[in-house]
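Computed from a prediction, not measured in an experiment: that's the story for all the values here. Letters go in sequence order (proteins before strands), and every chain restarts at 1.
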Protein chains: 2
Amino acid sequence: MRMTAPQAARAAPAPRRGTGRADNRLPQVLDAAARLFRERGYAVTSMRDIGAAAGMLAGSLYYHFASKDDLLVAVYAEGVRRIGAAVEAALAASVDPWDRLERACAAHLTALLDDSDYGQVVIRVRPDDAPDAAARLIALRDGYERLFARALDDLPLRHRGDRRALRLLLLGALNWSQTWYRPGRDSPAALARQFVRLLRSTAPPAA
Amino acid sequence: MRMTAPQAARAAPAPRRGTGRADNRLPQVLDAAARLFRERGYAVTSMRDIGAAAGMLAGSLYYHFASKDDLLVAVYAEGVRRIGAAVEAALAASVDPWDRLERACAAHLTALLDDSDYGQVVIRVRPDDAPDAAARLIALRDGYERLFARALDDLPLRHRGDRRALRLLLLGALNWSQTWYRPGRDSPAALARQFVRLLRSTAPPAA
DNA sequence: TTATATACCTAACAATCGTTTGGTAGATGC
DNA sequence: GCATCTACCAAACGATTGTTAGGTATATAA
């Protein structure tokens with residue numbers, strides 16, 4: 001029976017008696033899963049691949065997670081958390097609406113393209129790659145997108161409906177960048193600046 | 001030996017002696033594969049799924065295609081062909097640069113969202129879902145993107161580099177729309193109009 | 001020292017995967 | 001009518017999949 005096993009990376013470790021062995025390789029498991037899910041995708045990455053990359057056997061992963069889907073959800077949640085934290089910091093760094101938007105886009109792109117595997121998994125793995133976990137993945141993503149939407153709140157726009165269209169346009173372009181982005185050619189900050197400049201003239205002239 | 005089998009849907013049927021049985025279900029195979037690849041993705045769709053949907057057994061698919069990858073390439077190529085034809089027709093329907101762009105976007109979106117399964121496969125399936133076929137898929141997609149780039153050729157833009165950024169911005173937003181689009185709420189034409197309007201003011205005022 | 005919880009390993013399970021082999025009904029060419 | 005080619009079916013192949021059962025070394029709590 002494994003009813004007493006943790007089955008997930010919980011925030012509160014619960015009242016534990018013995019701390020067990022000194023080596024808990026849960027972090028390595030998450031890192032390995034994030035890297036492989038990002039590189040190859042969810043479906044073609046096997047539990048044996050993840051185990052090997054983390055230095056353990058496939059079966060041992062089930063001490064930490066009840067299923068492959070649950071492991072994906074854990075990686076995905078960490079990815080959303082990191083992107084959200086980066087964008088939140090960017091939003092707090094300025095008061096000018098267009099400047100805030102550009103900073104938010106740059107933070108989003110950096111988390112998506114350069115930072116870590118976790119952020120890339122959020123874009124790479126589609127919810128219906130894991131049907132049983134799809135609802136949880138969508139909820140996580142929606143939570144973040146509500147945060148990103150705040151980056152558009154204060155923009156002075158001309159037409160009704162522009163805000164929603166602008167959000168869909170920008171977020172789509174940013175997320176799709178994972179398809180064509182190659183490090184070295186463009187920087188996330190430069191791309192964000194170009195994208196926002198193309199849209200900035202939507203607002204009435206500042207002067 | 002199967003050396004004489006067709007192994008693909010060729011344009012020229014070659015000098016055939018006997019036409020075999022009256023029922024050639026290759027079209028049904030392609031339709032079924034396109035539908036399943038779009039609905040579930042490439043990796044999780046099995047040859048048995050495709051065979052069942054086309055009314056035959058999994059092994060029989062190998063009369064038409066040498067591998068699952070080859071079947072994907074055939075579906076993908078048909079998808080690219082359809083999107084390309086739609087955009088090409090849109091480009092020929094107008095001479096005003098911004099109007100041409102809006103029509104091209106509407107055609108791209110329609111092919112991607114409403115028309116058929118084939119077009120959606122091109123966006124849904126990522127080349128590295130099938131590593132051995134990735135090069136062929138990328139070549140097909142690049143061919144189309146060169147066509148789409150023609151929709152931006154005549155736009156009067158302010159800054160150097162705007163054309164590339166505009167292409168990446170627009171194409172990304174259009175392709176990502178598959179993630180959030182729900183039929184009924186927006187129409188492809190309406191979305192294209194909103195997206196292009198947000199960018200149109202990039203150009204100097206026409207008057 | 002004994003008991004217990006942790007964090008694994010070993011070995012297997014049934015199911016499913018893409019693919020292959022060999023056979024065959026039916027239409028056509030001669 | 002005979003041979004040939006087409007477009008399948010039937011049945012299996014070995015490999016791989018996610019997952020589980022049972023055992024074990026280590027560290028802490030008492």
Which listed nucleotide ([options]) is nearest to the side chain of [X]?
{"X": "A:Leu57", "options": "C:dC9, D:dA10, D:dA12", "result": "C:dC9"}
{"X": "A:Ser60", "options": "D:dG18, C:dC9, D:dC9", "result": "C:dC9"}
{"X": "A:Met56", "options": "C:dG18, C:dC8, D:dC9", "result": "C:dC8"}
{"X": "B:Tyr62", "options": "D:dT19, C:dC8, C:dT20", "result": "C:dT20"}

Separation of [N] [atom2] from [X] [atom1] (nearest whole Å):
{"X": "B:Asp70", "N": "C:dG18", "atom1": "CG", "atom2": "C1'", "answer": "13 Å"}
{"X": "B:Arg48", "N": "C:dA15", "atom1": "CZ", "atom2": "C1'", "answer": "11 Å"}
{"X": "A:Ile50", "N": "D:dT16", "atom1": "CD1", "atom2": "P", "answer": "17 Å"}
{"X": "B:Leu61", "N": "C:dT19", "atom1": "CG", "atom2": "P", "answer": "10 Å"}
{"X": "A:Lys68", "N": "D:dT17", "atom1": "NZ", "atom2": "P", "answer": "9 Å"}
{"X": "B:Phe65", "N": "D:dC8", "atom1": "CZ", "atom2": "C1'", "answer": "15 Å"}
{"X": "A:Leu26", "N": "C:dC8", "atom1": "CG", "atom2": "P", "answer": "9 Å"}
{"X": "B:Leu71", "N": "C:dC17", "atom1": "CG", "atom2": "P", "answer": "15 Å"}

* Could you identify which residues of residues 37-47 of chain A place a heavy atom less than 4.0 Å from some atom of DNA chain D, listed by residue number, or say none? => A:Thr45, A:Ser46, A:Met47
* Going by distance alone, is a donor N or O of one side chain under 3.5 Å from an acceptor N or O of the other, for A:Asp69 and A:Tyr42? -> yes
* Distance only, no hydrogens: is a donor on one side chain within 3.5 Å (strictly under) of an acceptor on the other, for B:Asn175 and B:His108? -> yes
* Structure fact -> When every non-hydrogen atom of B:Leu174 is compared with those of B:Leu112, the smallest separation belongs to O-CD2, 3.6 Å
* To do: Using the salt bridge (charged side-chain N to carboxylate O under 4.0 Å, His left out) rule, pick out the option among B:Arg124, B:Arg38, B:Arg40 that qualifies with A:Asp128.
  => B:Arg124
* Would you call A:Met47 and A:Tyr62 a side-chain contact if the rule is heavy atoms closer than 4.5 Å? -> yes
With a cut-off of less than 4.0 Å, is there a side-chain N or O of [X] near OP1 or OP2 of [N]?
{"X": "A:Asn24", "N": "C:dT6", "result": "no"}
{"X": "B:His64", "N": "D:dT6", "result": "no"}
{"X": "A:Arg25", "N": "C:dA7", "result": "no"}
{"X": "B:Tyr63", "N": "D:dC8", "result": "no"}

* Which residue pairs pass the salt bridge (charged side-chain N to carboxylate O under 4.0 Å, His left out) test when at least one of the two sits in residues 172-196 of chain A, sequence neighbours left out? -> A:Asp186-B:Arg164
* Asked: Does any pair with a residue in residues 144-153 of chain B pass salt bridge (charged side-chain N to carboxylate O under 4.0 Å, His left out), and if so which ones, sequence neighbours excluded?
  -> B:Glu88-B:Arg150
* To do: Scan A:Gly51 against the nucleic acid and name what it touches under 4.0 Å (heavy atoms): base, sugar-phosphate only, or nothing.
  => nothing
* Structure fact -> Contacts of A:Gly59 and A:Asp49 projected onto DNA chain D by closest heavy atom; the upstream (5') one is A:Asp49
